[in-house]
Amino acid sequence: MNDFIFFFRKVTEEIHAEGHFGTAHVYRSALNAVVSFHGGGRMPFSQLTPGWLKRFETHLRSKGCSWNTVSTYLRMVRAVYNRAVDRGRATHVPRLFRSVYTGTRAERKRALSDEEMRLVLGPPATTSSSLRQEGARELFALMFLMRGLPFVDLAYLRKSDLRGDVITYRRRKTGRTLSVTLTPDALGLLRRRASTNEASPYLFPILTGDEGTEEAYREYRLALRTFNRRLESFGRTLGLEGRLSSYTARHTWATLAYHCEIHPGIISEAMGHSSITVTETYLKPFRNRRIDEANKKVIEYVKRETIRRTP
């Protein structure tokens, strides 16, 4: 059946059956947005036009979706359309997605300053910090000390990944293999937070289900929500301006590395990004700030010269 919504649902089911539960979740969210916009009826591929895509983009924005969410949904639509073309279900239309946004924007500040990060790495600021908040703080600090390790990779780390003071793991998002030499501080945090269950293959007591199963994915999603909730509460305890989340450790490491004048190519390698373009998205807000500071210096220099030369 050459119906876009039917085919979208079929692709989502295929991805889920392959065990890519996180990806299937994103596809399902995009599919729900398409159905909400188009309605429950059939949608031949011929209706997937630049005009329809633009109206869909406008609809998403009117519902309060961020530009990054809009981009994610449109990229899922494009991926499904490309599969349909490959399978002979749809006709290739050149530049079909030319008028809609499929990029990535750094929409809000996610990175902490060096002063804020020192607060997080230090002892609890107040005695009111709960044990659960402290556990979240220590895991967050460990993620930062491990070059901005994503929470999903932390959750799936295995005891066999640790050899002495070196952890070697495979990034779940990109498939790249990375090795991190732990500093004494990181090793101390790891030993405090490591699983004491000898029967568990996992390094941390976050998951119990077998890797690659839907049970483990559901556990991960629940653990991530709980972790972010505790981090947000901890951030309020410290009086931090922005919302503290699992992403903050990663963005903070990248930003502070750039502040230390480490080349973006090295930062990209350290974080296991698929390309330096991804790294540049992380660094864009900080680069803009440095550009603004440079502009101020130029203006101040011109003003000083003007005053000096005025009789």
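Remember, predicted model here, so these are calculated numbers, not experimental data. In this chain, numbering begins with 1 at the start of the sequence shown.
Of all the heavy atoms in Leu224 and Ser246, the pair that sits closest is CD1-OG, 3.6 Å.
A salt bridge links Glu14 with Arg87: the distance from a Lys NZ or Arg NE/NH1/NH2 to an Asp or Glu carboxylate oxygen falls below 4.0 Å. A salt bridge links Glu269 to Arg176: at least one charged side-chain nitrogen sits closer than 4.0 Å to a carboxylate oxygen. Ion pairing between Glu134 and Arg137 holds under the 4.0 Å rule for side-chain N and carboxylate O.
Cation-pi check for Arg89 over Phe7 is not met; the charged atom does not lie both under 6.0 angstrom from the ring centroid and within 45 degrees of its normal. For the pair Arg172 and Tyr156, the distance from NZ or CZ to the six-membered ring centre is under 6.0 Å and the angle to the ring normal is within 45 degrees.
Counting heavy atoms of neighbouring residues, nucleotides and ligands inside a 6.0 Å radius, atom NZ of Lys63 does not exceed 12 of them.
Judged by distance alone, the side chains of Ser66 and Thr69 do bring a donor and an acceptor atom under 3.5 Å apart. Side-chain N/O atoms of Thr213 and Glu215 include no donor and acceptor closer than 3.5 Å. Using modelled atom types, one finds no donor on one side chain facing an acceptor on the other under 3.5 Å when comparing Glu232 with Ser245. Between the side chains of Ser233 and Arg229, no donor-acceptor pair of N or O atoms lies under 3.5 Å.
With hydrophobic clusters built from ILVMFWY side chains whose heavy atoms lie under 4.5 angstrom apart, Met146 shares a cluster with Ile262. The hydrophobic clustering, which links ILVMFWY residues whose side-chain heavy atoms are closer than 4.5 Å, places Phe144 and Ile266 together. No continuous path of ILVMFWY side-chain contacts below 4.5 Å connects Val166 to Leu142, so the two sit in separate hydrophobic clusters. No continuous path of ILVMFWY side-chain contacts below 4.5 Å connects Val152 to Leu222, so the two sit in separate hydrophobic clusters.
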Any chance you could lay out the side chain to side chain donor-acceptor pair (under 3.5 Å) test for Ser71 and Arg75, step after step, and finish with the verdict? CA-CA 6 Å; Ser71 173; Arg75 282 185 283 115; 3.1 Å; yes

Please test Lys10 against Glu13 for salt bridge (charged side-chain N to carboxylate O under 4.0 Å, His left out), starting from the C-alpha separation and ending with a verdict. CA-CA 5 Å; Lys10 185 173 183 296; Glu13 291 169 355; over 6 Å; no

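In this structure, the side chain of Lys159 engages the main chain of Ser200 through a donor-acceptor pair within 3.5 Å.
Using bins of under 30°, 30° to 60° and over 60° for the plane-to-plane angle, the ring pair His59/Phe56 lands in the parallel bin. Ring pair Phe37/Trp52 is perpendicular by interplanar angle, where above 60° counts as perpendicular and below 30° as parallel. Using bins of under 30°, 30° to 60° and over 60° for the plane-to-plane angle, the ring pair Phe8/Tyr27 lands in the perpendicular bin.
Exactly one of Arg28, Glu214, His25 qualifies for a side chain to side chain donor-acceptor pair (under 3.5 Å) with His16. That residue is Glu214.
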